Every structure is written in C-alpha cells, then in structure tokens.
Amino acid sequence: METNLDQAFAALSDPARRDLVYRLAAGPQTAGALAEPYDISRPAVSRHLRVLREAGLVTVETHGRERWYSLSPAALNDAQAWLEEVEGMWGAALQSLKRFVETNP
C-alpha cells in the first residue's frame, strides 16, 4: 500500500518536479509562469504539477482564469521528518562503528 510519504518521494524523484518545488518555495505562481524557463510544453509542466498536487506537495487555487500553485508545507515536513529520522539512525550507527574501531585495533 502506497503511503503519502511514498507518493511524495515518487513525485520528487523527477528533476523537473524538484525544480518546480524549488521555484514554488519563493511563493505562489501560475502554471504559465512556472512553464516559462522550460524547453518542454506547458501541458507537460501541467502534468508535473498534477503529480505534485496528487502527492500533496502542491496546492492549487483558481483566481478568475488563472490557477495559482503553492507549496504544501505539511507534506514536505513529513518527508523532512523521515529524512531526519534516518539521518539520526545513521549517525548512531557511525558512532557505534567509530567506538568499535577505536577500541579494537
């Protein structure tokens, strides 16, 4: 069964989607503004935004004829918490290895 965390990491596995998240960190933007710097079609950018939205990483609001995309901090916080947990486990494992190496020449 796929969790929200699985969806978030799957969505972030694509470099274009990571770049969109990075650019949205500066604040809400329209799909057109987000598509400008890319050499891919606007529909392709919209598909990337849909994947990010379905993963809960991005929200969208319609204002008139424009759709404004924003980051959803809660989903990013879940991913960050998981990464910090793994980092803590690795840190503990490396400290244990260091102690072992130092006491067993």
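Reckoned from all heavy atoms, side chains included, excluding hydrogens, waters and symmetry mates. From a predicted model like this one, the values you see are computed outputs, not experimental measurements.
- For the pair L76/L57, a side-chain contact is recorded, criterion being any heavy-atom separation below 4.5 Å from C-beta on.
- Contact record, S72 with G56: CB-O, 3.2 Å, taken as the closest heavy-atom pair.
- Cluster annotation: L49 and L12 are assigned to the same hydrophobic cluster (Ile/Leu/Val/Met/Phe/Trp/Tyr, side-chain heavy-atom contacts under 4.5 Å, transitive).
- What you find for L5 and A79 is that their closest heavy atoms are CD1-CA, 3.6 Å.
- A side-chain donor-acceptor contact under 3.5 Å links R18 to the backbone of S13.
- You'll find the side chain of Y38 reaches within 4.5 Å of the side chain of V45, heavy atoms only.
- Hydrophobic clustering of Ile, Leu, Val, Met, Phe, Trp and Tyr side chains at less than 4.5 Å, counting indirect connections, keeps V60 apart from W68.
- By the rule that hydrophobic residues join a cluster once side-chain heavy atoms approach within less than 4.5 Å of another member, L71 and W82 end up as members of separate clusters.
- Closest heavy-atom contact between R23 and L34: NH1-O, 2.7 Å.
- Rounded to the nearest 0.5 Å, atoms CG (D14) and NE2 (H48) are 4.5 Å apart.
- Atoms CD and CD, on E66 and E61 in that order, are 12.5 Å from each other to the nearest 0.5 Å.
- A31 and Y69 get closest at one heavy-atom pair: CB-CE1, 3.7 Å.
- For the pair F9/L83, a side-chain contact is recorded, criterion being any heavy-atom separation below 4.5 Å from C-beta on.
- Residues R53 and R67 come closest through the heavy atom pair NH1-NH2, 4.2 Å.
- The backbone N or O of F100 lies less than 3.5 Å from a partner atom in the side chain of N104, making a donor-acceptor pair.
- The CZ atom of R47 sits 7.5 Å away from the CZ atom of R50 when rounded to the nearest 0.5 Å.
- In plain terms, the two heavy atoms of A11 and R17 that are nearest each other are O-NE, 2.7 Å.
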